[in-house]
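So the structure is just underneath, and the comments pick up after that.
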Amino acid sequence: MSYQPIPTIDWWAIAPVSIVMVTGIVALLIEMFRPNRNNNTIVAVSLVGLFLAGLSVVPQFSMPFGSSFGGMVVRDYLGLVLQLLLITVCFVAFLFSEPYLREKRIAFAEFYQLALWASAGGMIMVTTENLLMFFLGLEVLGIALYCLTGMCRQELRSEESAMKYFLLGAFGTAFVLMGIAYLYGPTGSLRIDAVSIAVASDQPHFVLMALFGFGLLLVGLCFKSALVPFHQWTPDVYQGAPTNVTAFMASTSKIAAIGALIRVLAAGAPLVSYWFPIMFWVAILSMVVGNFAALVQKDVKRTLGYSSVANGGYMLVAVLAHVQAPEKVSLASTLFFITGYGVMTMGAFAVVSLAARDGKEGTRFQDLHGLWHRAPFAAGCLILFVASLIGVPPTVGFFGKMFIFNDALAAGLLPLALVLAVTSVVSAYYYLGIIQAVFVQEEGAVKNESGRPQAGLNLAVLLCALAIFGISLGAENVLKFMAPAEDGRQPVAERTVAQR
Amino acid sequence: MGTDIPLVWYLVTALFMFVMGGIGVVVRRNPVVVFMCIELMLNATNLTFLAFARYQIASAQTPEAALQAAMSGQMMVIFVMAVAAAEVAVGLGIIMAIFRLKNEAGLDDMSTMRG
């Protein structure tokens, strides 16, 4: 490789990330100049910034795809859809955060800046094929989330969960880094396709190093995307973090980690015979352990934490189907399911956040008793979110699971499809438990006062509910949008193979 | 070149550090010590990156390719150090917050949440 003149800069490719980052900085400055005031200005500025970032993503769908900045930023359907989704999730989280933070007496403006930067980190993760950028995105996301998890400083469980998240997150980072080092070693390249270069070199010790590095990278990524057997932190962190942070984290970190996992697995195609059986079992274990452990939980947030582990398993099934048969199975159903997951998780946690009142918050099932009377609209929408999480037909959750089921069959992964179907049925039990807690007022149950829903929360819940129906009504079109096969743009796995 | 230390020695040392750090994370009960073990693991990766970067210089075809390949690894080390510093700041902050709440921060006592 020789020295090249500085290429023209593709400003559009970095516009969404830059806008979100700068919005965070602006929000920080506002907070400096307006101490001890309410956060309304900051919320408004953040929402406008996120809206602009979303606007800057949309025209890129019709721009030429490919990588810029020496492969550090890549523009493709996977990246654009996930970026748009990350922005939307952050937007919805901000809508219902302010009333919750006030009820909880932790109305720090820092929530908004850190959440914006975490989003930017996630957006970097899903739009890069460079391992250095991937690592930086991962850490920007991770470090911001450690702070957010421990935001409720008067509550011991918030700090404990921050501690656990931090230690295990940093532990996972060490694995990711060692993996990157051993991919870099034989090839001298930090590009994600270093695996293919190492395998193509035909030197056995290079292949061995790449295998070792790739394995460590996968371990680290499984930590981050909370897949069994690296999921132990998930329920604790979901339970301990403030509920709006849990909502944000459950969606953002899952979306970003699965997006990165898609790229890494696609790049690992030359070694597929080694890692496929392992990831196959990781997917099965995630679905089984996540769903069965959720059955015995007494805390709504913990239950949803295990449910998130199980949903990670479903997503992994879709990714594996794509990697197994890229010519038959596109990434569309993966993206469809992730979108649905983001929307329904946000909605469910938004309703659960109503349990906060006067600086206290109970999140056990009985703490939700009688929510129906105090917040009929939010409670009604919770039915919808839970129905979607179970996979009841007209909702987005049903279509997502159905598409993944079909994909798994098309790719010849019958066991995965069966486990998905069976564990989904099991999951109905604990999801219905949440509904029951909200609607049934048991005799002699503890009476709980929970917060009144505010306009922001109602709006957030309404948006999620509309999205659940909107996406599922237009399922065919959404699917087509997410995998436009006919215009010659190759899916990620095929493109990586073609580059070799 | 004959008297140089071979690449493998660096890799073995780094892996030893990495495994020691990993064992420490699992075995030790004090969050500060656990955190030190994680730092040890990160330093092991830095050593690996630097050894590989030096090896790229020795094995590349042209000086330019050598420069480019070696620089990637060395740049990575700088970023890892910066990120590790940020992690230290956040981690110690969280440990401080726990101390303030209950005057001790052993990992065995962190059992508020169960299920």
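Because the structure is a prediction, the values reported are computed rather than measured. Chain letters run A, B, ... following the sequence lines, proteins first, then strands; residues in each count from 1.
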[X], part contacting chain B, at a heavy-atom distance under 4.5 Å:
X	value
Tyr165(A)	neither
Met151(A)	neither
Ser158(A)	neither
Glu139(A)	side chain
Phe175(A)	both

Among [options], which residue forms the greatest number of heavy-atom pairs with chain B at distances under 4.5 Å?
options	result
Thr149(A), Leu168(A), Leu131(A), Leu136(A)	Leu136(A)
Ala293(A), Gly185(A), Ala174(A)	Gly185(A)
Asp299(A), Leu190(A), Thr173(A)	Leu190(A)
Pro235(A), Gly150(A), Ala170(A)	Ala170(A)

Quiz item: Considering only heavy atoms from C-beta outward, does the side chain of Met178(A) approach that of Leu42(B) to under 4.5 Å?
Solution: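 Counting from C-beta outward, Met178(A) and Leu42(B) never come under 4.5 Å.
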Rounded to the nearest 0.5 Å, how far does [atom2] of [Y] lie from [atom1] of [X]?
X	Y	atom1	atom2	result
Ile98(B)	Glu160(A)	CD1	CD	6.5 Å
Leu167(A)	Ile95(B)	CG	CD1	7.0 Å
Leu177(A)	Thr48(B)	CG	OG1	10.0 Å
Met76(B)	Phe135(A)	CE	CZ	5.5 Å

Quiz item: Using the ring of each side chain (for Trp, its six-membered ring), is Phe166(A) parallel, tilted or perpendicular to Phe35(B), with breaks at 30° and 60°?
Solution: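 Judged by the thresholds at 30° and 60°, the geometry between Phe166(A) and Phe35(B) is tilted.
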Practice problem: Return the orientation label for the Tyr184(A) and Phe52(B) ring planes: parallel under 30°, perpendicular over 60°, tilted otherwise. | Solution: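 Rings of Tyr184(A) and Phe52(B): perpendicular, as their planes differ by over 60°.
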Should the heavy atoms of other residues, nucleotides or ligands under 6.0 Å from [atom1] of [X] be counted, would the total exceed 12?
X	atom1	result
Phe212(A)	CZ	yes
Met96(B)	CE	no
Tyr10(B)	OH	no
Arg157(A)	CZ	yes
Arg100(B)	CZ	no
Phe16(B)	CZ	no

With a 4.5 angstrom heavy-atom cut-off, could you sort out which part of [X] is near chain A: side chain, backbone, both or neither?
X	answer
Val83(B)	both
Glu87(B)	both
Ala89(B)	neither
Phe49(B)	both

Practice problem: Flag the one option from Met41(B), Glu39(B), Gln56(B) with the top tally of heavy-atom pairs under 4.5 Å to chain A. | Solution: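 Maximum pair count with chain A is reached by Gln56(B).
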Can you name the closest pair of heavy atoms from [X] and [Y] and give their distance?
X	Y	result
Cys147(A)	Val90(B)	SG-CG2, 3.7 Å
Ser72(B)	Gly188(A)	OG-O, 4.3 Å
Tyr182(A)	Leu11(B)	OH-CB, 3.8 Å

Quiz item: Do any N or O atoms from the side chain of Glu159(A) and from the backbone of Leu101(B) form a donor-acceptor pair under 3.5 angstrom?
Solution: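 Flag not set: sc Glu159(A) to bb Leu101(B) has no pair under 3.5 Å.
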